[in-house]
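Just so we're on the same page: letters track the sequence lines, and every chain starts at 1.
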There are 2 protein chains.
Amino acid sequence: MGRVSDAKERLMNAVSELIWSGSYGSTTIDHICEKAGVKKGSFYYFFDSKSELAAEALEAGWKSKQAELDRIFSPMVPPLDRIRKYCEFSYKFQREIKEQYGRVLGCPQFTLGSEICTQEDRLQKKIQEILDYKRKYLESAIRDAHAAGLIKAPDPAHKAGMILAYYEGLLTQARIQNDVDVLRDTVGGIFAMLGVKETEGAVA
Amino acid sequence: MGRVSDAKERLMNAVSELIWSGSYGSTTIDHICEKAGVKKGSFYYFFDSKSELAAEALEAGWKSKQAELDRIFSPMVPPLDRIRKYCEFSYKFQREIKEQYGRVLGCPQFTLGSEICTQEDRLQKKIQEILDYKRKYLESAIRDAHAAGLIKAPDPAHKAGMILAYYEGLLTQARIQNDVDVLRDTVGGIFAMLGVKETEGAVA
DNA sequence: TTTGTAGTTGAATGTTTAGTCAAATAAATG
DNA sequence: CATTTATTTGACTAAACATTCAACTACAAA
């Protein structure tokens with residue numbers, strides 16, 4: 001079965017990091033190859049364009065994040081706690097990223113989506129798909145919270161869309177301002193939108 | 001006083017449109033010149049880089065938008081109505097853009113900011129400045145609403161930041177999904193965040 | 001140990017891009 | 001009308017970039 005290699009993985013990691021810490025437009029195939037320690041010929045052996053590589057990397061990145069989200073949004077956890085945990089996780093994650101890269105980088109999918117949606121159809125579709133999955137995590141937590149009488153949310157899908165917009169907007173603000181502090185009270189805004197009363201929203 | 005020209009203005013219009021309908025990275029000096037009907041030599045006569053042109057265009061674009069915002073956020077208008085009008089205006093504006101370009105384009109500053117904030121310091125600062133002005137419009141409406149007893153918002157600056165994140169997040173979602181419908185109930189989310197009771201939020 | 005296969009390499013290609021400049025041109029002013 | 005000043009032009013260079021390919025290499029199975 002011939003020679004073996006992890007060059008493909010290295011290329012996917014490299015492209016993800018370069019796009020996230022910079023932008024899609026500023027990420028060239030040369031840079032990707034250099035970062036991955038791979039020669040251009042090998043790049044074209046595995047992929048036939050930057051956008052194809054980006055699409056595969058996006059998919060892989062999402063797959064690896066999913067496990068974490070499944071844990072956070074486990075139906076075993078009380079619904080409002082899921083949301084609170086998600087906000088805490090996100091805040092902590094961005095703090096670590098800032099530590100590591102010297103920069104708040106926000107949400108990879110939202111940032112990339114906003115940049116390329118008018119130009120790269122395949123990527124745009126993949127991103128929309130991922131964002132929709134994210135929305136579904138929120139939606140089920142909201143539905144459960146409604147069923148438990150914790151909040152009034154007769155249209156969980158709509159509420160989830162609103163909350164996702166807020167969440168992604170905050171992350172993008174944090175990226176633009178390079179300031180994690182923006183994210184400190186993420187959950188406050190979400191609970192306000194959900195009409196959670198202070199007492200119900202209290203930490204256990 | 002020598003030859004006169006509107007080439008500078010044409011260049012600023014061209015760059016704004018190209019970045020907004022595409023991205024900063026995909027906008028080249030050649031494209032800008034072609035769109036503006038200006039030769040490259042002239043470009044470098046007026047500006048010495050794409051980022052300098054973009055910064056001037058950003059400033060000019062903001063100046064021209066300010067008048068409209070002053071009207072919408074006039075202290076003569078009841079505070080919650082200002083916010084409602086702003087949402088309606090924004091929704092209508094994006095519908096017109098979609099009509100005109102075949103695409104929802106969202107917020108020029110937020111989209112650009114998210115793309116270039118890690119790479120173009122000067123632009124990042126300008127954008128942060130503009131976003132902060134936007135926040136101030138919301139902040140004063142919130143403060144007035146609080147003073148009028150319409151809502152409870154002891155920290156209007158913080159609330160305004162939350163609402164701006166939501167608003168920009170929605171616009172970006174609309175851009176990514178190329179769907180104005182996302183914006184239909186913008187005000188619903190804002191009023192939920194502000195804790196506006198249905199009756200108080202009712203249209204006059 | 002041979003052979004098939006998966007992956008690697010570096011050099012070469014053509015294209016796009018940013019950036020420069022000296023000469024030409026058009027308007028305004030004296 | 002002559003001169004000054006602002007703007008335009010097109011042709012040029014050099015670097016960055018994407019893309020191709022034939023020859024080469026390492027591994028695995030037969």
Problem - Counterpart residues, side chain to side chain contact (heavy atoms under 4.5 Å, CB included), relative to A:K125 (two or more places apart) - result: A:D121
Problem - Ring center gap for A:Y137 and A:Y86 short of 6.0 angstrom - result: no
Handout entry: Residues from residues 26-40 of chain A lying under 4.0 Å of DNA chain C - heavy atoms
Key = A:K39
Exercise for the section: Would you confirm whether A:W20, through its side chain, and A:L112, through its main-chain N or O, come within 3.5 Å as a donor-acceptor pair? Expected result: no
Practice task
Describe the nucleic acid contact of B:F46 in one word from base, sugar-phosphate, nothing, applying a heavy-atom distance below 4.0 Å.
Solution key: sugar-phosphate
Problem - Residue list, side-chain hydrogen bond (donor to acceptor under 3.5 Å, both in side chains) with B:R184, at least two apart or on another chain - result: B:D181
Problem - Salt bridge B:K65-B:E68, side-chain N to carboxylate O under 4.0 Å - result: no
Exercise for the section: Could you tell me how the ring of B:F43 sits relative to the ring of B:F47: parallel (under 30°), tilted (30 to 60°) or perpendicular (over 60°)? Expected result: tilted
Problem - Distance test, side-chain N/O of A:Y44 to OP1/OP2 of D:dT19, below 4.0 Å - result: yes
Practice task
Keeping to residues at least two apart or across chains, list the salt bridge (charged side-chain N to carboxylate O under 4.0 Å, His left out) pairs with something in residues 45-56 of chain B.
Solution key: B:K8-B:E56
Problem - Heavy atoms of other groups near B:Y133 OH, more than 12 under 6.0 Å - result: no
Handout entry: Phosphate OP1/OP2 of C:dA18: any B:S49 side-chain N/O under 4.0 Å
Key = no
Fill in the blank from the handout: B:L11 CG to D:dT7 C1', in whole Å, measures 12 Å
Exercise for the section: State whether the side chain of A:Y166 and the backbone N or O of A:T186 hold a donor-acceptor pair below 3.5 Å, judged by distance alone. Expected result: yes
Fill in the blank from the handout: Note: for A:G41 and B:A7 on DNA chain D, the residue whose nearest nucleotide lies more 5' is B:A7
Practice task
Under 4.0 Å from any atom of DNA chain C, heavy atoms only: list the residues of residues 13-24 of chain B that qualify, in numerical order.
Solution key: none
Handout entry: Whichever of A:Y45 and A:S42 has its nearest DNA chain C nucleotide further upstream toward 5'
Key = A:Y45
Grab the N/O contacts between the protein and nucleotides 27-30 of chain D below 3.5 Å, and write none if there aren't any.
unit_1: D:dA28; atom_1: O4'; unit_2: A:M1; atom_2: N; d: 3.4

Problem - Sub-4.5 Å side-chain heavy-atom contact between A:L171 and A:L183 - result: yes
Problem - Flag side-chain contact, heavy atom, 4.5 Å: A:I127 against A:F110 - result: no
